[in-house]
Amino acid sequence: SFITALDCPPVKEGQLSLVAGIAVIDAIRRAGDVPGLRLKWPNDILIGTAKTGGILVESTSRPPRPGPIAVIGVGLNLVSAPEDLGRAATFLANHALALSPREALCFLAQTMSDWIGIWNNGEGFAPVREAWLARAGSSWVGSRSDA
């Protein structure tokens, strides 16, 4: 999990799940080449059509100071995947990317920090949107003009 203080209108807080998705994809790419790696709306990390991770963002207040904090939770299958999901699941080691939890966390901490900085409490959403669409694979590019 990654915790960050927010200084944005509540309507922009939902953008963090997109920021987190980009950060996860970029972290995996920095660690190694995984063909077929992509995002699926709204919070899944896929390799091909098989799920290899997910993202959940929750926000709360931070007494005694004003303003919310966000907790960005990332679940990533590193060395195994559940078999009884009712859908395809996979893990990174199955695609020739062996990472320890510590290594994965180091890559993810850096990319999460980078992308939260680019997002800048919603002021930098345009490059986030473009990056998310680029990482979503061909099924999303050009399919929605209002996304």
Side-chain angles (χ1 to χ4, degrees), residues 1-8 10-60 62 68-147:
S1 295
F2 189 89
I3 299 173
T4 188
L6 300 176
D7 187 23
C8 65
V11 70
K12 294 191 178 196
E13 291 175 16
Q15 297 172 355
L16 271 175
S17 64
L18 303 179
V19 173
I22 297 163
V24 172
I25 294 291
D26 286 3
I28 295 168
R29 287 180 175 168
R30 283 186 184 179
D33 182 36
V34 179
L37 182 66
R38 66 187 183 90
L39 293 165
K40 178 179 176 261
W41 182 264
N43 59 1
D44 287 347
I45 308 299
L46 303 181
I47 298 174
T49 60
K51 185 172 180 175
T52 194
I55 298 160
L56 179 63
V57 179
E58 294 188 12
S59 62
T60 187
R62 54 181 169 148
I69 59 169
V71 179
I72 303 167
V74 176
L76 195 56
N77 299 335
L78 299 177
V79 296
S80 66
E83 296 180 11
D84 58 352
L85 292 179
R87 64 173 286 187
T90 191
F91 51 97
L92 293 176
N94 196 39
H95 298 271
L97 183 58
L99 288 173
S100 70
R102 182 183 184 101
E103 291 169 320
L105 182 59
C106 287
F107 282 112
L108 185 56
Q110 182 62 56
T111 58
M112 190 71 72
S113 182
D114 291 347
W115 277 105
I116 286 175
I118 292 167
W119 176 66
N120 190 24
N121 286 299
E123 296 300 317
F125 184 67
V128 167
R129 180 184 184 279
E130 183 178 319
W132 195 95
L133 289 170
R135 288 155 183 77
S138 60
S139 64
W140 267 83
V141 176
S143 67
R144 289 189 52 169
S145 60
D146 64 339

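For the single chain, residues carry numbers from 1 onward in sequence order.
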Ignoring hydrogens, what is the shortest heavy-atom contact between [X] and [Y]? Give both atom names and the distance.
X      : Y      : answer
Asn121 : Asp7   : OD1-N, 2.9 Å
Ala20  : Ile72  : CB-CG2, 3.5 Å
Ile55  : Ser17  : CD1-O, 4.3 Å
Trp115 : Ala131 : CH2-CB, 3.5 Å
Ser1   : Val71  : CB-CG1, 4.1 Å
Leu46  : Lys51  : CD2-CA, 3.5 Å

[X] side chain vs [Y] backbone, donor-acceptor pair below 3.5 Å:
X     : Y     : value
Ser59 : Ala70 : no
Asn77 : Thr90 : yes
Arg38 : Ile47 : no

Can you find a pair of side-chain heavy atoms, one from [X] and one from [Y], that are under 4.5 Å apart?
X     : Y     : value
Leu97 : Phe91 : no
Leu56 : Glu58 : yes
Leu76 : Ile28 : yes
Val19 : Val57 : no

At what distance, to the nearest 0.5 angstrom, does [atom1] of [X] lie from [atom2] of [Y]?
X      : Y      : atom1 : atom2 : value
Leu16  : Ile116 : CG    : CD1   : 6.0 Å
Asp114 : Asp26  : CG    : CG    : 8.5 Å
Leu78  : Leu105 : CG    : CG    : 10.5 Å
Leu37  : His95  : CG    : NE2   : 9.5 Å

Seminar exercise, completed: Only residue of Ile22, Val74, Thr4 satisfying side chain to side chain contact (heavy atoms under 4.5 Å, CB included) with Met112 is Val74
For this session: Go through Ile45 and Leu39 one step at a time and tell me if the side-chain contact (heavy atoms from CB on, under 4.5 Å) criterion holds.
Result: CA-CA 5 Å; Ile45 308 299; Leu39 293 165; 3.4 Å; yes
Exercise. Is atom CD of Glu130 surrounded by more than 12 heavy atoms (other residues, nucleotides or ligands) closer than 6.0 Å?
Worked result: no
Exercise. Considering residues, nucleotides and ligands other than Arg102, do more than 12 of their heavy atoms fall under 6.0 Å from its CZ?
Worked result: no
Seminar exercise, completed: The side-chain contact (heavy atoms from CB on, under 4.5 Å) partners of Gln15 (sequence neighbours excluded) come to Lys12, Trp119, Phe125
